[in-house]
Number of protein chains: 2
Amino acid sequence: MPEPAPRADRPADRLRDRPSGTRYGNRPTMKDVAARAGVGLKTVSRVVNGEPGVTPDTERRVQEAIEALGFRRNDSARVLRKGRTASIGLILEDLADPFYGPLSRAVEEVARAHGALLINGSSAEDPDREQELALALCARRVDGLVVIPAGDDHRYLEPEIRAGVATVFVDRPAGRIDADVVLSDNFGGARDGVAHLIAHGHRRIGFIGDMPRIHTAAERLRGYRAAMEDAGISVADSWMSLGVTDPERVRRAAEAMLTGPEPVTAVFTGNNRVTVTVIRVLAGLPRPVALVGFDDIELADLLQPGVTVVAQDAAALGRTATERLFRQLDGTLLGPERIELPTRLVTRGSGELPPSV
Amino acid sequence: MPEPAPRADRPADRLRDRPSGTRYGNRPTMKDVAARAGVGLKTVSRVVNGEPGVTPDTERRVQEAIEALGFRRNDSARVLRKGRTASIGLILEDLADPFYGPLSRAVEEVARAHGALLINGSSAEDPDREQELALALCARRVDGLVVIPAGDDHRYLEPEIRAGVATVFVDRPAGRIDADVVLSDNFGGARDGVAHLIAHGHRRIGFIGDMPRIHTAAERLRGYRAAMEDAGISVADSWMSLGVTDPERVRRAAEAMLTGPEPVTAVFTGNNRVTVTVIRVLAGLPRPVALVGFDDIELADLLQPGVTVVAQDAAALGRTATERLFRQLDGTLLGPERIELPTRLVTRGSGELPPSV
DNA sequence: TAGAGCCTGGACAACGTTGTCATCAGCGAG
DNA sequence: CTCGCTGATGACAACGTTGTCCAGGCTCTA
């Protein structure tokens, strides 16, 4: 007997059978509530959404039916009908990076203030994965997207943006499309940080940063070069090292520039991951080496010496971007803009060490 | 003229009008693709989903139409039809807390391996907000929920769980319902940490922890008491302080137990937030005070002295929980279980300081 | 050459909600 | 007493997709 019955009441497309009190795995719908309350479908909808035009008595009956059945509105259907999902997507590089914690919290808070949920994913610095994620989020019909780009070509988002997906890029600019961008002043911050070292007497200063294809890394390198040039110092190639922030590579890079014929007396590190590794390297050295790092790190003040950093305000980045996103959705925005937030030099000791001879 | 035409081709329920190349804000649907490709609706569906039974030639025509129109499947409709959303929800306390970074990354990775997206929200340690979030996620029909509970009564989730929402609690147990729980061995970890201090000669040991209504805080306090009792030490009330982990309160608590008639010679801190604040307090003291903290913290090895901690594996917590969630969805699971992961004592110096007299 | 069987493709309903519109009862005014 | 109005209520279609099922054309074989 391949077919038990010619026609089942409901298609049994949901396989899970749990020891439920009532229907197996099938949730009650407004139709069920309506039947139980003895009212029409639309009346239930009105009650659920707090729309006016329902007698207190009717409302009570509906509420009772909702309670009794454990009804919960199916937002998928609602979204399908209304066109807006009240959710935004956040794509970042790595949820576990302490820099992104405050940023995503800020994004979440602004979203929450607008009644939206946050869906997020990590690109792991892989452009393909970024695209895959972004498009998956668009297929879910998120209302907007906050993207910390891994790739440098975002034309794939053009149809989505045209279709109304509000999009803001954070921390790094969008590639090959015109879109809202919220950045830190990476160039200025790095230049100031390096200038600080120069002001304390250093001339041979090393730079260790992330892969040069990452915009922030490139900008910070540019800031380093600018500060050196402003001071009339010519930079040796061996003083600069860009690449993955994997501790092993960073360690080797640091050790290389600290030895050799022209060893650096100070190091400028391009992000928090690099800074942490370099602190470990410097801790193992007999002579003190000055250090300024981009990005603040927790407990930086308690190390000996305290670590001087160029701090950026990750929360402000996230907040600014997300507020802008919702203004795009409001329609109270003119055109794409590039917003640059200032950085702040926090002196704690490591940047004020004199060059040791 | 209030009405421009008796019947518009499409209801203009979407207000946004962008300078789109084609239809304003209206995305193409499979119907549009079908029309353009000169095929039936279902054929488009087949191509989009890679189902068999389509001639290469037809498939090519459909693909071209998809490209040309910039079509992207509307997953809301798909979800409505299929009943599964391929997304899971994560509710934690605070996205910005470094402890939750690795945890949520692990959750995301497992979700990704199962083709699911991650929606997350922060409860800010507020039970009402936790419930609001959880139910909002259920309304979105997430397939499952990973919850780091803020509240201690989760009966509100019963109808959802019955309806098939896979649910796993992490870091703290569920309240008043029977559900999967993945925890660290908070009791054992704290006991070992305190025993370590005792082994190094301490008798007057302080405990500073989070609010006692939080399960982890209570368990760690219990571990502290157990270790003290095992060593035959009777604990003075003034040695223990539980409450919010706000730096101001923690600072006062630490200062109080470090002065007075019976000052402690060592402190056990109940979580990473507390540890960081106490390190700052201790750094300002003339005499050394031993410290062991629950939770590992970055750079703990570089402080003077290094901070001895009871480390828990946040990533393993998230991974274990999420894998279990998907096994619930597979149906390859018997019943709710309580899984306890071990902690690890990492000695770095601060816990090995002798009592200073 | 005809029949059987297979493969491709399309018509149609259904998922659960919301917007539109019609209906109906009750009521006040003329 | 009746007309028209108001406010509550429900019937119905639509959102965009997928599952079911049937039709038509093709190939293969007897």
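Chain naming here is simple, since letters A, B, ... match the order of the sequence lines and numbering starts at 1 in each. All of these numbers come straight from a predicted model, not from anything done at the bench.
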Which atom pairs, donor and acceptor, lie under 3.5 Å between side-chain atoms of residues 33-44 of chain A and protein residues at least two apart or in another chain?
none

Show me, pair by pair, the donor-acceptor contacts under 3.5 angstrom made by side chains of residues 139-147 of chain A, not counting sequence neighbours?
{"from": "A:Arg140", "atom 1": "NH1", "to": "B:Thr85", "atom 2": "O", "distance (Å)": "3.2"}
{"from": "A:Arg140", "atom 1": "NH2", "to": "B:Thr85", "atom 2": "O", "distance (Å)": "3.0"}
{"from": "A:Arg140", "atom 1": "NH2", "to": "B:Ala86", "atom 2": "O", "distance (Å)": "3.0"}
{"from": "A:Arg141", "atom 1": "NH1", "to": "A:Cys138", "atom 2": "O", "distance (Å)": "3.0"}
{"from": "A:Arg141", "atom 1": "NH2", "to": "B:Arg72", "atom 2": "O", "distance (Å)": "3.0"}
{"from": "A:Asp143", "atom 1": "OD1", "to": "A:Thr85", "atom 2": "N", "distance (Å)": "3.0"}
{"from": "A:Asp143", "atom 1": "OD1", "to": "A:Thr85", "atom 2": "OG1", "distance (Å)": "3.2"}
{"from": "A:Asp143", "atom 1": "OD2", "to": "A:Ala86", "atom 2": "N", "distance (Å)": "2.9"}

Protein-proximity profile, nucleotides 20-26 of chain C, B/S/- by nucleotide at the 4.0 Å heavy-atom cutoff, equals B------
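Listed nucleotides: C:dG16, D:dT18, C:dG9. Nearest to the side chain of B:Thr43: C:dG9. Nearest nucleotide to the A:Thr58 side chain, out of D:dT9, C:dT17, C:dG9: D:dT9.
Side-chain contact of B:His154 with B:Glu130: a donor-acceptor pair under 3.5 Å is present, judged by distance alone.
Listed in residue order, the members of residues 60-67 of chain A having a heavy atom less than 4.0 Å from DNA chain D come to none.
Residues passing the ring pair (Phe, Tyr, Trp, His ring centres under 6.0 Å) test with B:Tyr100, sequence neighbours excluded: none. The ring pair (Phe, Tyr, Trp, His ring centres under 6.0 Å) test applied to B:Phe326 returns B:His114, not counting sequence neighbours. Listed by chain and residue number, B:Glu108 satisfy the side chain to side chain donor-acceptor pair (under 3.5 Å) test with A:Ser122 (two or more places apart in sequence, or in another chain). With sequence neighbours left out, A:Glu51 forms a side chain to side chain donor-acceptor pair (under 3.5 Å) with no residue at all. Under the side-chain contact (heavy atoms from CB on, under 4.5 Å) criterion, A:Arg105 pairs with A:Glu109, B:Asp94, B:Leu95, B:Ala96, sequence neighbours left out. Among residues two or more places apart in sequence or in another chain, the salt bridge (Lys or Arg N to Asp or Glu O under 4.0 Å) test is passed with A:Glu158 by none.
Across all strands, B:Thr55 comes closer than 4.0 Å only to sugar-phosphate atoms, never to a base (heavy-atom distances). Residue contacts for A:Val54: at a heavy-atom cut-off of 4.0 Å it reaches the sugar-phosphate backbone alone, with no base atom in range. A:Val48 comes within contact range of no nucleotide atom at all, as no heavy-atom separation falls under 4.0 Å. A:Val79 comes within 4.0 angstrom of no nucleic acid atom, judged by non-hydrogen atoms across all strands.
Taking atom CG on A:Asn49 and atom P on C:dT17, their separation rounds to 10 Å, with Å as the unit. For the pair A:Arg81 CZ and C:dA14 P, the computed distance is 18 Å after rounding to whole Å. Whole-Å rounding puts the B:Lys31 NZ to C:dG10 P distance at 15 Å. Between the CE atom of A:Met30 and the P atom of D:dG10 there is a distance of 14 Å, rounded to whole Å. With rounding to whole Å, A:Arg78 atom CZ is found 5 Å from C:dT18 atom P. The CD-P distance, from B:Glu51 to D:dT18, rounds to 8 Å in whole Å. The distance between atom CG of B:Leu41 and atom P of C:dA13, rounded to the nearest whole Å, is 13 Å. Rounding to whole angstrom units, CZ of residue B:Phe71 and P of D:dG16 are separated by 10 Å.
At its two ends the helix from C:dT1-D:dA30 to C:dG30-D:dC1 runs along axes set 50° apart, each axis drawn from five pairs and the angle rounded to 10°.
In this structure, B:Asp153 places its CG atom where more than 12 heavy-atom neighbours from other residues, nucleotides or ligands lie under 6.0 Å away. In B:Asp126, the CG atom is crowded: over 12 heavy atoms of neighbouring residues, nucleotides or ligands sit closer than 6.0 Å.
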Would you tabulate the nitrogen or oxygen pairs shorter than 3.5 Å linking the protein to nucleotides 4-6 of chain D?
none

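Taking side-chain N and O atoms only, A:Ser76 has no distance below 4.0 Å to OP1 or OP2 of C:dT17.
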